[in-house]
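Side chains included, hydrogens not; waters and symmetry mates left out as well; all remaining heavy atoms used. Letters go in sequence order (proteins before strands), and every chain restarts at 1.
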Amino acid sequence: MLRFLVRRVTGALVILLIISAITFWLFYAVPRDPAMMSCGKNCTPENLAQIRKNLGIDHSIPVQYWYWLKGVFAGRDYAGYGYCDAPCFGYSFANNVPVFETIMDRLPTTLSLAFGAAAVFLVLGVGAGMLAALKQGRFLDKFASSASLLGSSLQIYFVGYIAMYYFVAQLGWLDQPSWTPFSEDPVAWFSGLLLPWLVLAIIFTANYTRMTRSQLVEQLSEDYVRTARAKGLSRANVFFRFAWRGAMGPIVTVFGIDLGTLIGGAIITEQTFSLPGIGRLAVKSVDQSDLPMLLGVTLLAAGAIVFFNIIVDAVYALIDPRIRLA
Amino acid sequence: MTSTDQQPFLSVRDLKVHFSTEDGIVKAVDGLSFDVLKGKTLGIVGESGSGKSVTNLAVLGLHDRDRTAIEGEILLDDKELLTASEKELERLRGNKMSMIFQDALASLSPYHTIGKQIAETYRKHTGASKSQSRVRAIEMLRRVGIPQPEVRVDDYPHQFSGGMRQRAMIAMALVCDPELLIADEPTTALDVTVQAQIMDLLKDLQQEFGTAIIFITHDLGVIADIADDVLVMYGGRCVERGTKREVLQSPQHPYTLGLLSSMPSLDHPVDVPLNPIPGSPPSLLNPPTGCRFHPRCTFAEKVEGGLCSREQPPLEVTNGRGSACHLTAGQRAEYFSDLAGSAAN
Amino acid sequence: MTPPTPSAAAPLEVTDESVEKSPTPSTSKGGEGRSPGRLAWNRFKRDRTGVISACTVSFFFVVAVAAPLIAKLYGKDPYTTYASQRPELLNPFAYPSGPNGGMSSEFWFGIEPQLGRDVFTFLLYAIRNSLGIALAATVLTVVLGVVIGTTAGYLGGKTDYLVGRVIDILLSFPSTLFFIAFMPVVFGLFVAPDEEIPTWLRATALIIVLSAFGWASIARLLRGQVLGLREREFVEAAKVTGASPGRIVFKELLPNLWTPIIIQTTLMLPAYVTAEAGLAFLGVGMIDPTPDWGVMIARGASFYTEDLTFMLFPGLSMVIFVLAFNLLGDSVRDALDPKSKR
Amino acid sequence: ACSSGDEGGSSQDKAPKVTGAKTVEIPVGTKADSTGPAAEVPGAVTGGTIYSLQQFDMDHMDPAQIYVSTEAAITVPIMRGLTGYKLDAKGNATLVGDAATDAGTMKDGGKTWTFTLKDGLKWEDGVEVSSADLRHTFERLFATFVTEGPRYVQDFLVGGDKYKGPYEGKSLDSIEVDGKTITFRLKEARADFNFTLAMRAYSLVPKKHDTKEKYDKQPISCGPYKVDNRNIGKSMTFVRNEHWDPKTDAIRNAYPDKYIFQMGYELVASTDRWIADKGTDQYAVPIFNEVAPERIAQVLTNADLKKRVLNAVDTVTYYWPINMTRIKDLKVRQAINYAWPHQQLQTIGGGAYSQEIATTIFAPVTPGYTKFDLYGVDKKPGGDPAKAKALLKEAGKVGQKLVIAYQQSDTAVKTAVAIKNALEAAGFTVVNKQVDKSTFYTQIGKIDNDFDLFAAGWSPDWPNGYSQFYPCWSGKNIGDGRSNYAQLNDPSVNKAIDAASQIADVEEANKAWGNIDKMIMELAAVVPDYHKIRNYLYGSKVGNVLWDNANTCVALCKLYAKK
Amino acid sequence: MSSTTPLLDVSGLTKHFPIKGGFPIRRTIGAVQAVDGLDFQVAEGESLGLVGESGCGKSTTGRLITRLLEPTGGRISYRGEDITHAGRRQLKPIRSEIQMIFQDPYASLNPRQTVGKIISGPMEINDIHPAGGREARVRELLEIVGLNPEHYNRFPHEFSGGQRQRIGVARALALEPKLIVADEPVSALDVSIQAQVVNLLQKVQRDLGIAFVFIAHDLAVVRHFSQRVAVMYLGRIVEIADRDDLYGNPRHPYTRALLSAVPEATVQDEGVAGRERIRLVGDVPSPINPPTGCRFRTRCWKATEKCATEAPPLVQVEGNKPGHLTACHYPETADVPATVPAPRLAKDPETAA
Ligand SMILES: Nc1ncnc2c1ncn2[C@@H]1O[C@H](COP(=O)(O)OP(=O)(O)OP(=O)(O)O)[C@@H](O)[C@H]1O
Ligand SMILES: Nc1ncnc2c1ncn2[C@@H]1O[C@H](COP(=O)(O)OP(=O)(O)OP(=O)(O)O)[C@@H](O)[C@H]1O
Ligand SMILES: [Mg+2]
Ligand SMILES: [Mg+2]
Ligand code: NI
């Protein structure tokens, strides 16, 4: 296990390193001067030079990257804003706030959105998939399959607005989506996120229903499931302890990937529901050509994906003893 | 059959198992009857696809009831199984009757330890505690010759070798001392040396517990080694049955004869070509009319009037011995004699 | 052993005869065999949902291809702002003044709020553009994925390792974020500052960026498949006869990969249609006045409270298209791979 | 809501029309006017929290860097300058002393200005505001890190062109501090200098706490509230500053306990929330989030909603400067003016309820406004492509390429489409160039930019022509990052601006400015687009929502939260 | 054996598959010693049988001979030409002479190609233009292997297992090879079909004079088909001899045990002594870590210290005919039945390890 973790975490770090380098390089592929943005109306060359120094962009690109990298691990001294402790992802070009703090501040929103939606779609999707598998070919199966298919064909911004219109504005069943920290007001937290969760879930559930169903159907036809039945175990026992066990692997895999992507930014969702999460931060940093923020967000997103990949593999090994971690 | 006085432990009458598939109805088993006696071994031989496994899955009631039409009668110790409820069947399976499958790796759950899988059966049917059943599992493993069973009990199937897996399967099947054991080609995937080990094991265990065994194989050599009675299946039907000696030494059906004569052996002369059955097995979707074997039968034209392609020969059983062929007894004696002799050599 | 009576002496002839009665008493007598593709086609034809969705999908493609023709017959175009000559088409709030979003015999699907363009032709061209982009991206993705995946899988060793790592990195990239971040970069690289970003470049950039990320998953899948197939005996059989690696990849392996390739394609196309729309929604895809499905929906989404019609046509048509394509994908999968029951 | 076919009803007529709007003159108040506390608002209650929903966060909190209306509006409760605008119950403004005891004393015809600091003014840490702070406030404006704010004072003060800020220990001689009085010596007479100082950029900064660049994140308050919590891009909270004494403040009432500003709401999203009017949104006011154009119809046609709309005419005029360096031919510029699709752009912007077509640079509410219509917009609001084409032909420039820069936003994109269609109909070749939001003004502000036409807007920094025309149309203000986007450098215009700014008589001056407006329009250096009518929807539990005529925003310090 | 160079000469043939692993850097940490020093020859037109338990390296040997695998060591020469490490180009002329028939009739035919294409493929690759065209040749080949030439355009899935195996044979014959490596060509087939294919191969061998390396684990089938037989155990040949010698006079204990384990479809009359039964215990050890010395010693009832330290050479032991080579320190003697028959069932689990 330790070997596995060491190896995978090293691999993950390398991937993140490459991703950050690519992002860095691509950002500068278009000639533009971030200093110009903060220089404002009365910009003199001295001002520009000062701002460049403050932002730490008065070096060649590789050197900048090196300083940035060093900052991440060892902290870094900024001309304009003093020392920035490790992990230092720099200061935003657009409004000079520390990137790390901003991201940490936005993270709870995105995490709430992601985990909440994940809980909803996992429960709904897997539940529906199980029912469908149990009632193969019956009405319930057909219903679950087609409903899920319809769900997966919808777009967040399409359903999102319609749902807001009907459920919030017209019927008043749900609250306007909004963000309140859980620690501040759990009820508001919940009611503000309920609609985004549901909308996200509609779209994701489909995939889980289908996958759960197909996995279970496949597993149920496995020889070892037949053996279990031949031993005299009850249907329910066989279903949950044998078939479901086998079906879990791929579901966990996809779940991990989805969770990683969601945390990396449910950009469209956050945009649709005006939630102040990582996704919107990303859009904003793109709008403002804010490299440090963009880098931070990209790394967070990639990190989430990589992290959940490792988790998935570890969980997979727990589920399936045939897989050895190394 | 030699001992007619005995009540059959399992009795199958006119069993029909039909699957409805996209392409039509597969008549996998079409009117099959046989008996298994207590403490005896019935060997079922037949080519791939002849319905051996389907028959035995029907006995255990493991077919998907929605998609399978099963007719006939299966009496286990005078209990009708086809009409039994799922609950009743669950109580019988693994307890009174159990099964060993061919592909042990696929048939053992990869997610649970060998010990758990064995113990589970025991607990289910005896209500023993966890620790009791674990002890029982270790004992069973030792019984089937797994070295260091206390250690190996916590291994997963993939950590076992092929032969050991098959032994574990056997241990699992026998953990509740079943009265009927169905072994579906338990040795086909194994090497000859390991096959010999497993067959010896089965024989020993049968002697010890008096279990009735149905042994499925397509290898007549294995039948010769282990079975008391033999049932030869072809295209979902029984073409011949009798004791091992009767069937192997004086086959009454051209198919059995063909099987015997197409087998290379360690002491046949080598320079003569083998004597294969021409053609290939029949489609069960669209089985040949009349005798299902007639397209491949070298004697079909010996029966006048093309009877073979029109009419299904009945299986006439006397004293447990019978065959389903239009050839007259005389014809058989004439055509088969030298052959049978050579086969028995 | 005494050779038994008549037939055994001539086993070959007997087998010949048996072949006639071989397990496939099929319709095909001699001549043309039932290829796996043909079998799949037959299975597909029997699937009613599949056929209906295929028709729906083809309808969309026909509409896309024939958009200029239809627009010509219909007599409108998607670019003219009809309201600028006829201000009475819009009410003082810039919404269509006619009921139902201004639907009339003249403007079938009504007119657009604010600018007053014709929704019907706009939608036609939007479908045309979006499908075109999605299709091109799909083709490019699949080609890239297939070439890279099969090559890596077949060659193995260092190449495979390298490609594997590149795939890892690509799959770890937060792709949506990347799209929005670097579409401007792509434009910046190709366009002089005083030139309008040409529509073709936007489209090309979209296609390139979408496929640059999309190929990885296909390549990974195919690589796995090839790794499996490579060990299959028919590949060894080809090698034993001296076949070149090229021949093995293209003549032996590729035909066996059609199933996953087709399945992936049917998954990818609707995904790209929605992805393209999503990017447009975020403002980095196509842009007015180029008609685009996603742009239409995104704009409809802001007017729906007052002019639902304007949102409904593009929105529903996309839902229908994606749904039909998904259903079609399912049916194709079932037909190609009858064992997998979804 | 399927159809919006039927007319909006009679409410249409009640919407204000810019054409009918009066010009807003702001008188200078007396010492008595400048003495606190501010008059109570009838029915107001203390306590509660006021929220806001807005799209953008403020880029700057250092007053010296503040030039954008949003930033100015939002900082009223925490920043105080020497002068400020006091509102009466109807929202009419008077210029009074804020930190100063009165609106200042002018000598030498406006070349010397003296202000006296009020007693009892304290920073949020309880330390008294000192005259050193006053001096520092103005000296630090010259520091290099100050790049965004206005440059009026810096340009006006004697010696300002050489001074580099206080941080190297040097002080500026033209600022004299004596006890509680501060005297400014200006290069030339500025009769409206006290109005200049009312700009947020000249709010006070404590010398002790001046952290230079970092002050931008952490301003120190001497107003009734202070920044409690700031979360850039997301939210900001103001809480009470206990050291503020209402008696020192004639301008601000401070009813709510807290302000919570919430950022990141697109117009449509915020409008929908105000329409829904749920939870804390009932206590929300807009800072700059108007009713989204997409929702104007819904809001204005619904009597209930309409009750909650603050409707006001802004001093801003949105226009499209024509790059004079690139488009040198008058006829071409005139052709652009003729071809302009005014009406269509108005429609896209939300219709006559939110904007009125402009033919002048001056907004009708700004003193000095004179109505004229040089390019026949009133008659042909949809544009006159024929005439435009004829002019182009005359100039021999048919097919003239025009590069139009616009920001990336939904409305901007649609606008660009309409303009392109119209100009191409008149014989131009149009290149629409989308420019990053973040660098839009930087890019069009460069002298050698690549654009011919771009959207801009200007509202005077105080209500007269000087701050309307000098920054944007004087040839002296051409430079990278300066606001003379058209790069207009016409000697007669320059002369006229200089002359007008020296006229002390208000009436006279206004007339002069009105003429300059016409001069520029004759040169066709710009296409005036529209005058803005603001429609602000607010929550049902916010009391006394007033339009602040002088700061052109919702008067934050007059609000209260209903119980 | 004739004095002329044999068709195929294999000496010291070795194949080790590296095992990757290790931490933190992946490297080769061991090897599967699949084949470890094989020596044998195949003469023209002769059939050499290769038998042994699963995993003993039979297929690996076959794939080394056909050069599907790169040998780790040893030498393979075909008609005197060293092809041990020959590249694809160098092998080109030889490719058509050495062909292979595979075990799995389902996996060995490309499901997406018609029978015609499958069989004409090798000709296309090797640029062979038979008189009368390729198609005619294919039909001819189909006829030779007993299939209906009309089935030229059918796909493999339309055939039964036996028929598919015939197609495989036809493909191998298409290049008119001199040597065919048949890797368990009949193991996957039903008995009734198996005989058909064995007969076909026999006919091919006889009529066309093709030499065979016939791999199987069924001793009876090998006996029927091969003139000479080699028994493999864990990557090594333990005994190689002419058919009659090997089956009549097995000298290696393993050969003996193997022979005795073959089930025969005969019924012993009561009282008549059955065939000798030797029951080996346990499984074949792992080729990653093969036993030292004689590899069979862990399952051999005769093993001594010597077996553990000294690997017995493959030599002609006393009492053998020439060409009958055995690798054993304590060879069995012909007339005495196995010295110590193992117990029928290992009751003591420890010994079963
Ligand atoms: N669930 C099913 N649905 C449809 N057809 C089936 C099903 N199960 C078995 N069959 C068919 O029934 C026939 C008999 O199958 P069965 O498994 O009994 O053969 P078998 O004699 O056990 O063969 P083998 O020796 O290969 O195990 C085959 O043709 C098979 O395809
Ligand atoms: N590509 C490979 N990589 C690693 N090990 C391999 C590889 N191919 C074969 N082996 C190993 O080499 C040994 C011999 O394998 P081989 O396939 O030659 O056995 P075999 O005698 O043909 O067995 P069977 O009768 O099961 O076909 C086995 O232990 C196998 O696991
Ligand atoms: Mg079977
Ligand atoms: Mg093998
Ligand atoms: Ni014989």
Stepwise side chain to side chain donor-acceptor pair (under 3.5 Å) test for B:Ser262 and E:Gln194: CA-CA 8 Å; B:Ser262 59; E:Gln194 179 176 320; over 6 Å; no
Chain B contact via E:Val221 - which portion, at a heavy-atom distance below 4.5 Å: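 Both parts, backbone and side chain.
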Chain B contact via E:Gln202 - side chain, backbone, both or neither, heavy atoms under 4.5 Å: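 Only the side chain of E:Gln202 comes within 4.5 Å of chain B.
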NE2 on B:His218 to CG on E:Leu189, rounded to 0.5 Å: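 That separation rounds to 10.0 Å.
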For a 4.5 angstrom cut-off between non-hydrogen side-chain atoms, does [X] reach [Y]?
| X | Y | value |
| --- | --- | --- |
| B:Pro264 | E:Val198 | no |
| B:Asp219 | E:Pro263 | yes |
| E:Val191 | B:Leu220 | no |

Contact winner vs chain E - B:Gly163, B:Gly162, B:Gly258, B:Ala224, heavy-atom pairs under 4.5 Å: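 Option with the greatest count: B:Ala224.
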Stepwise side chain to side chain donor-acceptor pair (under 3.5 Å) check, B:Glu47 with E:Ser192: CA-CA 8 Å; B:Glu47 274 172 296; E:Ser192 66; 2.4 Å; yes
Please check this pair: side chain of [X] against backbone of [Y], looking for a donor-acceptor N/O pair closer than 3.5 Å.
| X | Y | answer |
| --- | --- | --- |
| E:Glu53 | B:Thr193 | no |
| B:Asp191 | E:Ser54 | yes |
| E:Glu264 | B:Ser265 | no |

Over all atoms of both residues, closest heavy-atom pair of E:Val262 and B:Leu266: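 Closest approach of E:Val262 to B:Leu266: CB-CD1, 3.9 Å.
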